[in-house]
Amino acid sequence: MISTLTKGERELAIVILGILACVGLAMAAAGRADPLGAHGWLIIALCVPMIFFVIAGYYTPQPAEERLSQYYDDPSKAGIIAAMVWVVFGLFVGDWVAWQLVYPDLTFDAAWSSFGRIRPVHTTSVIFGFGGNALIATSLHVLQRTSRARLPDQLSPWFVLVGYNLFCLIAVTGYLMGVTQSKEYAEPEWYADIWLVIVWVVYFLIYLRTLARRKEPHIYVANWYYMAFILVVAVLHIVNNIAVPVSFGHAKSYSLFSGVQDAMTQWWYGHNAVAFFLTSGFLGMMYYYLPMRAGRPIFSYRMSIISFWGITFMYMWVGSHHLHYTALPQWVQTLGMTFSLMLLVPSWASAGNALLTLNGAWHKVRDDATLRFMMVAAVFYGLTTFEGSFMAIRPVNALSHYTDWTIGHVHAGALGWVALITFGSIYAVVPWLWKREAMYSGRLVELHFWLALSGTIIYVFAMWNSGIIQGLMWRTYNESGTLAYSFLDSLVAMHPYYIARATGGLLFFLGAVVGFYNIWMTIRTAPAAQVSDVRTDIPVPASAGTPALQPGE
Amino acid sequence: MGVDHDTIVGLSKSFGLFYLIALSAAVMIYAYWPSNKKHFDNAAKTILRDEDKPWR
Amino acid sequence: MFGLHYKLERTTIGFALAVIVAASIGGFVEIAPLFTIDETVEKAPDMRVYTPLEIAGRNIYIREGCYACHSQMIRTLRDEVDRYGPYSLAVESQYDHPMLWGSKRTGPDLARLGGKYSDEWHVAHLINPRNVVSVSKMPPYGWLARTTLRIDDLGEHLETLRRVGVPYTDEMIAHASADAYGQARPDSTYAEAVRTRYGEATQIRSFDGRSNEPTEMAALVAYLQILGRLTDVATKSAAQAGE
């Protein structure tokens, strides 16, 4: 790995790691009586071995000029492995948390293992650990291919990847120690937030520099989505995390906003994290890997442009649908609801675009589990966005809010859309990256597909049922005009659904373990005898460059 | 703050609407302008070209 | 003429700016008016600030992720008002940095929990919820009763809160640690000063049932007992509506 860095990059890497280790030391000293100190030691414990690792490879020969005639894929490879590690860990914790709602004493009376602390471990591991690493890895892969240009240098992608995983690690270990801002999906404290901003700026610069050197005049639409993901997440992250730390020796900080402003800022962030992290980025993935795997160009490129601007513009307005009937002014609630409904148009345009691309390739969907992952993901994307718009309607929200229905909706999106499109893309890209003919085992991909699909369906149906029952029980009156059920009645009614949910989650987790094993074995098996054309595993279009015209064009 | 609440709400309600209409019109016209069609078709096919090396 | 977008794509920075502009206007139009909202929001002149002990308790509530299962926001719906009490007003969370409205009710809403149960009930419930509520799904929090509360840095906490807009006085900041001790230990010499600084209604009790150093349990119970009771503006407006 070090051998791919130039001498100057190796030196710079040592300097950066040295600075980071010093920052870690300062944190350890200033935060002696605080969890901040533990994080200081964690940073030192990670940076010092990395410094030695770079020094050990310092005198290996420099990479040849030839490298410039190849894409630089090592960071993408590492990112995909990291994503798989995070997803196995995150799903394990998620299922554990789900079983805690069945058997609440599964915390073993320890502080770190209680529901409130490990729930964010689950959400951060799967959203940021798995999703984020997959986005970084695939975006660097797609960016180079669609620009037909190599990444501008070798060090900055490693900085982004390692730095981003450091952020995730600080976040997750922090929750276990009780370090949290309590803002959902923005729990990490101020120092982790500052670090993420630095990483993110470098990530954006890689994008700008590569695009500036591109040989293809047009920027392919997948890159638009990736760019919107990078840019808007930066804006959201900075605004929502403005806070004043108690001191430089405290992990704790106090949000600049309070009450209703804080609620609006938080859900403006929260819903747009869904929009630009979990939708925009993964749409970028879909717009590249789905046509590639199907061997057909996207059904309508123009529709993808319209959906892009629609999603980029309208999502920003919808956050307030999380606050219906609260102390938030009503006009803001109405605005959020209206835009949530309008958002269905660009969302369905994207889902339809994906499915129509497969028109004429359905036999491939039948035979190829990888393509089927992407197809089902597009279906779930369509379903979830419809459900989301529906739940944003105020009277519907009166029933669904605060209940498990929301959890079901989120998981229809997170498992059905985000995870499936990611697994599909990873199964497509792993053989290309490692120059293998195909995945180690096609049957294991098939097995993973069915485990993931059945897990998702069981999970989502369980939560729909429990959520609607819960919502109805809370609002049912008896004949004398008093509430018919106590809160505890509704809690008891949830029990069977919580068992079903945890079972569905278990299936999904097992699928990810199968996937991890399959990817691991693909990497370990020797490359197929000197594959000259690395893309032999994708169905080659009839004649590259001039596919038959599609209906609607 | 110098500006009062009603002014800001008013601005949000009026300007926000016009902005929305103008933006969607611009995007639609751009996407469906006939002379852009060839360009987009090309863009859609460009990823499928079978090669795995940067152009130099 | 429609080469404009084409050029926009060619200049990546221009494209990036276009994305930011398109995306940020929605947020701006929605959020900016909320920062002038004090002009339209109801006033609560009698509202008091959290005491240092309650702030410490609130931080434990945040640390343990209680907000993941408990909301603190009663919506303007009949069944919620019947179940939990008068609906929440914006002003009630004006000193909440950050707000803890929550998004999920795996357990019940806590916005008006204060005074509903005794301190002993809360301590027993937190040590093992199933001792009190047999079907509860809440995790046990026994270690709170075993952990001494850190109070030496509460002055810094109050000072930071003042920086973000909570009206703490110099005196409150200077005596934060002593006040935290005094509020949880009514027999100590520090107790009386808490009442003079934070008002007659301040609850000064041994929330954890102990007499030595206050535990984290004392702080958390003190916080739970003040929920919904910093001001009575919500109850008053509910009473007026009923007349």
Side-chain angles (χ1 to χ4, degrees), chain A residues 100-101 104-105 107 109 111 114-117 119-120 178 180-184 208 211-212 217-219 227-228 231-232 235 244 246-247 252 254-265 268 309 312-313 316-317 320 322 325-327 329 332 335 398 402 406 474-475 483 487-488 491-492, chain C residues 9-10 12-13 15-16 19-20 22-24 26-27 30-31 34-35 37 59 62-69 71 73 75-77 79 82-83 88-90 93-101 103-106 108 133 135-143 153 156-157 160-161 163-165:
Chain A
Q100 281 194 357
L101 287 181
D105 285 312
T107 64
D109 201 28
S114 69
F115 185 95
R117 289 201 194 182
R119 176 197 178 254
T180 172
Q181 289 194 105
S182 85
K183 295 187 160 213
E184 284 183 77
L208 282 188
L211 285 175
H218 180 76
I219 302 177
M227 288 247 286
L231 283 168
V232 183
V235 174
V244 183
V246 171
S247 79
K252 172 80 190 165
Y254 287 98
S255 163
L256 181 65
F257 312 119
S258 73
V260 64
Q261 283 100 339
D262 190 43
M264 187 59 231
T265 313
W268 167 79
W309 289 109
T312 305
F313 176 72
M316 276 294 181
W317 300 69
S320 52
H322 288 254
Y325 299 102
T326 64
V332 186
L335 201 60
Y402 292 135
T406 312
W474 289 347
R475 57 160 58 178
L483 290 165
F487 189 89
L488 289 178
L491 191 68
V492 172
Chain C
E9 287 162 34
R10 287 189 162 240
T12 326
I13 297 204
F15 183 71
V19 170
I20 289 191
S24 43
E30 265 190 349
I31 293 180
L34 295 181
F35 285 87
I37 204 149
N59 288 341
I62 290 173
R63 186 187 75 190
E64 300 308 333
C66 305
Y67 57 86
C69 294
S71 58
M73 170 51 61
R75 295 181 292 171
T76 54
L77 298 168
D79 60 291
D82 283 350
R83 190 181 297 277
S88 304
L89 299 175
S93 47
Q94 67 170 333
Y95 297 140
D96 286 9
H97 295 264
M99 58 86 205
L100 293 171
W101 291 9
S103 60
K104 178 74 175 66
R105 284 181 189 151
T106 305
V133 182
V135 295
S136 171
K137 295 205 179 292
M138 191 167 121
Y141 288 95
W143 73 88
D153 61 346
E156 285 178 272
H157 282 261
T160 314
L161 279 166
R163 210 168 291 155
V164 294

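Heavy atoms only: backbone and side chains are in, while hydrogens, waters and symmetry mates are out. Note that the structure is a prediction, hence the values are computed from the model and not measured.
- From Arg63(C), atom CZ reaches atom CZ of Arg117(A) across 5.0 Å, with rounding to the nearest 0.5 Å.
- Distance CD1/Ile62(C) to NZ/Lys183(A): 11.0 Å, rounded to 0.5 Å.
- When each of Gly116(A), Ala212(A), Ser255(A), Ser258(A) is scored by its heavy-atom pairs under 4.5 Å with chain C, the top score falls to Ser258(A).
- Rounded to the nearest 0.5 angstrom, Arg163(C) CZ and Tyr254(A) OH are separated by 12.5 Å.
- Residues Leu100(C) and Ser182(A) share a closest heavy-atom pair of CD2-OG, 3.6 Å.
- For chain C, the option among Val244(A), Leu483(A), Thr107(A) with the highest count of heavy-atom pairs below 4.5 Å is Leu483(A).
- In this structure, Arg83(C) has no salt bridge (charged side-chain N to carboxylate O under 4.0 Å, His left out) partners at least two apart in sequence or on a different chain.
- The nearest pair of heavy atoms linking Ser247(A) to Glu156(C) is CB-OE2, 3.4 Å.
- Of the atoms belonging to Cys66(C), not a single heavy atom falls under 4.5 Å from chain A.
- With a 4.5 angstrom heavy-atom cutoff, Thr106(C) touches chain A via backbone and side-chain atoms both.
- Residues Glu64(C) and Ser114(A) come closest through the heavy atom pair OE1-OG, 4.0 Å.
- With a threshold of 4.5 angstrom between heavy atoms, Leu231(A) approaches chain C through side-chain atoms but not through N, CA, C or O.
- Scanning both residues, Ala90(C) and Ala327(A), for their nearest heavy atoms gives N-CB, 3.3 Å.
- Across every non-hydrogen atom of Tyr402(A) and Trp101(C), the tightest pair is OH-O, 4.2 Å.
- Looking at residues two or more places apart in sequence or on another chain, you find a salt bridge (charged side-chain N to carboxylate O under 4.0 Å, His left out) between Glu184(A) and Arg119(A).
- Interatomic distance, CG of Leu491(A) versus CE of Met138(C), reported as 12.0 Å (0.5 Å rounding).
- Formation of a donor-acceptor pair under 3.5 Å by the Asp262(A) side chain with backbone atoms of Met99(C) is found in this model.
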Hey, mind stepping through Asp96(C) and Phe257(A) against side-chain contact (heavy atoms from CB on, under 4.5 Å) and telling me if it holds? CA-CA 8 Å; Asp96(C) 286 9; Phe257(A) 312 119; over 6 Å; no
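- Top candidate by heavy-atom pairs under 4.5 Å with chain A, chosen from Ser71(C), Ser103(C), Ser136(C), is Ser103(C).
- The two residues Thr180(A) and Tyr67(C) come nearest to each other via the heavy atoms OG1-OH, 3.5 Å.
- When heavy atoms are compared at a cutoff of 4.5 Å, Thr76(C) approaches chain A by way of both its backbone and its side chain.
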One pair to check against side-chain contact (heavy atoms from CB on, under 4.5 Å): Lys252(A) and Asn59(C). What are the steps and the verdict? CA-CA 9 Å; Lys252(A) 172 80 190 165; Asn59(C) 288 341; 3.3 Å; yes
